[in-house]
*Asks:* 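Here it is: the structure, laid out below.
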Amino acid sequence: MTNPLNPRYDHKEVEQRQWTFWEQGSWFHADENSRKEPYTIIMPPPNVTARLHMGHGLNNTLQDMLIRWKRMQGYNAMWLPGTDHAGIATQMMVEKSLESEGLTRKELGREEFFARCVTWKEENGGLITSQLRRLGCSCDWEREVYTMDEKLSRAVRSVFVKLFRDGYIYRGERLVNWDPKLGTALSDDEVESIETKGSIWHFKYPVENSQTEFVEIATTRPETMFGDTAVAIHPEDERYKHLKGKQVILPFTERRIPIVFDDYVKPEFGSGCVKITPAHDPNDFALGKRHNLPLINIMNEDASLNELVPEEFRGLDRFEARKLVLKKLKEQDLFVEEKKHIHTQPISERSKVLIEPRLSKQWFVGMKELVKPALECVRSGELSFYPENLKKTYFHWLENIQDWCISRQLWWGHRIPIWYCSDCPEVTTGEEDPTQCSHCGSKKITQDEDVLDTWFSSWLWPISPFGWPEETKDLEKFFPSQVLITGSEIIFLWVARMVILSHYTKGKTPFKDVYFNSVICDKLGRKFSKTLGNGIDPLEVIATHGADAVRYTCLSLAPLGGRVKMDPSDFDHGSRFVTKIWNAARFLHSHLESLDENLKDFDDSKLDLPSKWLLNELHDTTKAINDSLTHYRMNEAVELLYNFIWKTFCDWSLETTKDELTNPSSKERKEEILSILVYVFDNMMRLASPLLPFVTEELWQSLPHHPRLDRPESLVIAAFPDAKKLLSFKKESLEWTFVQKLVSGIRSLRSQAGVPPKEKVQAFVKTGKENHKLLQTSISSITKLSNLSHLHFAEEVERPKKSLMGAGLGFTVYVPVSQYLDFEKEKLRLESEKKRIEQIVKGLHSKVSNKDFMARAPEEVVIQTKEQLENMESQLKEISENLSSL
RNA sequence: AGGGGUGUAGCUCAGUUGGUUAGAGCGCUACGUUGACAUCGUAGAGGUCCCCAGUUCGAAUCUGGGCACUCCUACCA
């Protein structure tokens, strides 16, 4: 029989095969009728336009690790996948493709354009979800949803109508972030701030009834002057107090505008006088409200100047108008100076053009009231954040919440279900499209042209996929979910709003915990971004290193919150780990080959020390991993797993049993060793399955069934190890640790003397009687592991001539190394060791002799410290004696 | 300007509620292996836990101040 495993792990082949196997088994599908306790995660839906990036990689691996862990623990685990229709992003994609046909969306018309968007999604929208599958995401793919699905759209419609009828939705004239290129309002979150070098221009407005007096104002946007309705000055500014009650004349127009006093103005900035343009600046808007100033909107939708400006400026683009204004000011001798000025400008995230604050009619959701339960559930601890400090950010935003502008002047999205009546001023809404005005009955009604902000469908994500407003079984079972895993950048945009909406519709908090994953940066600490081109493509790394390696590296690097610096070479670490596991399994198989019958169970009462130690380590690690995962300390769980597999299992256990497996004392003994190793390995595969699902499934399938363990069809539904059901040998484990320390001590002496590894040496161990039995039973292990010819041990041992000495916890060991001994080197070594221990002893001594310490420190700490001191002192004594004898 | 975070080995970072001789991976050094391991193992070098002060019997950990970096929010007429 040959080894069933290839010399090398072929991740590509295995991933494909195992994925198909899982899909056929349908193990990721959760039954809504199951009696098992549900455990739900709702996936933050990626944009349909998205392609998998490392942020998705990290975010989804985190979710997958949790859901797989819970599934193996026997929960009715359901991870809901889906995509978001991404209003602006999709519309832009489709417009781009129209552009190549020489078409615009307006030429195409609304309906046709909408149809194109639908087609686009059908053709390209599946990409991201297939990429998530390649990563191994064990979502309930049969439940996959899309925010434009009929079911979800109905939920959008329902909640809009409900909010409208409850009086939360209103139409208002507000300043919005206007994207002149896309011709739509944007939310604050769709606006980027970019620092730019610009200018600030100073010029003069003449004061009325005076030939000589002017106020000097400063602005970065001279073209907005036609919308000015006041000039503002700080009330305490001595320079201008005499201007109280006066008006100034707006150049190029006949308009007189008042001088108002408001402490919003900073006297030290510019000239201390500010032109006020309420219709085109948020601060001015607020100030205008305080002083009852009129609003003059001077711009068209494309940011060209409209008919309210003097004729020569009409129709000019804002930047053209700026030039002309400056030119004319100079001609009229009103221009003072131009200064260089660095300021941050709002740029549209999508179209990259300068945002223009613009007065327009938009639909809003009044948030002040809705927010209350969302604040309360976090305050009360019903909803927890990981890391906790993000609560502060959350509170700050909710406590200062602004009403939410939900209308977008786009065609792709959920159209606002509002109908205007041409015969009366009222509007009509409803779950179904109305045919007549609900107030006057007129049939002349037209629907609002706008669509809803994409986030208006996103905030329904905890309930809409399950059929809300219907009271479905799914909704009952899978809402609320357990944990939301997402990035902290959308804490307001999405997280807070879902909490708000779930309380509004269902009166419940939509999840128990929110885990905020880290932001991925390059080695220089810069965020991965398309423009910088510094990202790492997860699909490329999956192709070269395998999905498991990608998953391992992502999670091992990523602590809670914060940032993680990632370099392509980090993924080598992941592959190495996978390869190590693969090879350990190959090693087991090479010995299992000779086994001609089924694996027998091992006898608990006949276990030797190293086996008990290994089983105890399995117990402790299992407990620790479960504990770490419970507290969302994923990187900690990953590290525990790594250390157990690599250090404990491979470096110690496989090494200690290697010789015996090759030359077993009996067939039974070999079977026993293999039984233990396979048992532990099987458990290891279970522990690792949530993190490394592919390679573990492959190896687990290849192993013989251990009689002590369940053997379902697939590892993904095998029971996750539970420490309570595992053997533990605390005492024996400590004993074996003593042996390990002794072995390390001997190895260290050998190495320092330069004794070739193949050469056998003797070792003389001086240790208390209590350890003798232990050494006696471990004599062969120690001999093998330290390559000894003889091991001597006794309570009193005289130092052999020409030997090196080492001291450890509870023992002193001498290794004669006559031909390698360098007295000077040994002296130096012992002296430095002596110095080091003296320092420790000194520290411990001062502690113990400190009355306050003895009185106030907890008893166990005192005992521990005393023991330590005793031990260190005896080590020191041994070293000193040896030094003097040299 | 306000808020959050970070500062631990050459690099990337762990270090849970104050008590270990402060850890890991990569890199580095020496030796060994190439019969589980395009390797792996063994042994090692390397730290003022940013600085200052305080609380405490005891501080990498808590408090205050400073320095440096970073993210978020707002504003910049």
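It should be emphasised that the depicted structure is a prediction, and the values quoted were computed from it without experimental measurement. In what follows, chains carry the letters A, B, and so on, assigned in the order in which the sequence lines appear, proteins first and then strands, with residues in each chain numbered from 1.
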*Asks:* May I ask you to verify if any side-chain N or O of A/S590 is less than 4.0 angstrom from the OP1 or OP2 atom of B/rG35?
*Replies:* no

*Asks:* Please determine if A/E826 and A/R829 form a salt bridge, counting it only when a charged side-chain N lies under 4.0 Å from a carboxylate O.
*Replies:*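 Salt bridge flag = yes for A/R829 with A/E826.
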
*Asks:* Can you confirm if the aromatic rings of A/Y642 and A/H573 lie within a centre distance of less than 6.0 Å?
*Replies:* yes

*Asks:* How are the rings of A/Y9 and A/W582 set relative to one another: parallel (under 30°), tilted (30 to 60°) or perpendicular (over 60°)?
*Replies:*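 Aromatic pair A/Y9/A/W582 classed tilted.
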
*Asks:* Once the angle between the rings of A/F681 and A/F649 is folded into 0 to 90°, is it parallel (under 30°), tilted (30 to 60°) or perpendicular (over 60°)?
*Replies:*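 Plane angle between 30° and 60°, so tilted.
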
*Asks:* Rounded to the nearest angstrom, tell me the gap between atom CG in A/L654 and atom C1' in B/rA36.
*Replies:* 8 Å

*Asks:* Please measure how far the P atom in B/rG5 lies from the corresponding atom in B/rU63, and state the result in whole Å.
*Replies:* 10 Å

*Asks:* Examine B/rG32: is either OP1 or OP2 under 4.0 Å from a nitrogen or oxygen in the side chain of A/K758? Give yes or no.
*Replies:*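 Checking A/K758 against B/rG32: no side-chain N or O falls below 4.0 Å of OP1 or OP2.
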
*Asks:* With no hydrogens and no angle check, do the side chains of A/E759 and A/Q819 hold a donor and an acceptor under 3.5 Å apart?
*Replies:*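 A pair is found: one side chain offers a donor N or O, the other an acceptor, under 3.5 Å apart.
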
*Asks:* Rounded to whole Å, how long is the line connecting atom CG of A/N583 with atom P of B/rU34?
*Replies:*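 So the two atoms are 16 Å apart, to the nearest Å.
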
*Asks:* To the side chain of A/R633, which of B/rU16, B/rC13, B/rA43 is closest?
*Replies:*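 For A/R633, the side-chain atoms sit closest to B/rU16.
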
*Asks:* Checking contacts here: which listed nucleotide (B/rA36, B/rG32, B/rG4) is nearest the side-chain heavy atoms of A/P757?
*Replies:*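 For A/P757, the side-chain atoms sit closest to B/rG32.
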
*Asks:* Measure from CZ on A/R747 to P on B/rG44 and round the result to the nearest Å.
*Replies:*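 Between P of B/rG44 and CZ of A/R747: 11 Å.
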
*Asks:* Within the 4.0 Å limit for protein heavy atoms, which parts of nucleotides 22-29 of chain B are touched? Write it as a string from 5' to 3', B for base, S for sugar-phosphate only, - for none.
*Replies:* ---SS---

*Asks:* Can you tell me the distance, in whole Å, between the CG atom of A/N177 and the P atom of B/rU73?
*Replies:* 13 Å

*Asks:* Would you kindly give the NZ-to-P distance between A/K565 and B/rC11, to the nearest whole Å?
*Replies:* 10 Å

*Asks:* Would you please confirm or rule out a distance under 4.0 Å between OP1 or OP2 of B/rG58 and any side-chain N or O of A/K847?
*Replies:*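 For B/rG58, OP1/OP2 do not have a side-chain N/O of A/K847 under 4.0 Å.
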
*Asks:* Rounded to the nearest angstrom, tell me the gap between atom CZ in A/R586 and atom P in B/rC40.
*Replies:* 14 Å

*Asks:* Using a heavy-atom cut-off of 4.0 Å across all strands, would you classify A/D284 as base, sugar-phosphate, or nothing?
*Replies:* nothing

*Asks:* Hey, can you tell me if A/H591 and A/F587 have their rings parallel, tilted or perpendicular (30° and 60° cut-offs)?
*Replies:*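 Correct class here is perpendicular.
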
*Asks:* Contact list please: residues 833-842 of chain A against RNA chain B, heavy atoms, distance less than 4.0 Å, in numerical order.
*Replies:* A/R836, A/I840

*Asks:* Given B/rA30, is OP1 or OP2 found less than 4.0 Å from the side-chain N or O atoms of A/S751?
*Replies:*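 So the side chain of A/S751 is outside the cut-off, no N or O lying under 4.0 Å from OP1 or OP2 of B/rA30.
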
*Asks:* Between A/H234 and A/Y240, does the ring centre distance come in under 6.0 Å?
*Replies:*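 Ring centres of A/Y240 and A/H234 not closer than 6.0 Å.
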
*Asks:* A/D10 vs A/K12, test: salt bridge (charged side-chain N to carboxylate O under 4.0 Å, His left out). Steps then yes/no.
*Replies:* CA-CA 6 Å; A/D10 182 351; A/K12 207 173 161 190; over 6 Å; no

*Asks:* Side-chain N or O of A/K658 less than 4.0 angstrom from OP1 or OP2 on B/rA36?
*Replies:* yes

*Asks:* For A/Y386 and A/Y515, I'd like to know if the aromatic rings sit close, meaning centre-to-centre distance below 6.0 Å.
*Replies:*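 No; A/Y515 has its ring centre 6.0 Å or more from that of A/Y386.
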
*Asks:* Does the plane of the ring in A/F516 sit parallel, tilted or perpendicular to the ring in A/F385? Use 30° and 60° as the thresholds.
*Replies:*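 Correct class here is perpendicular.
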
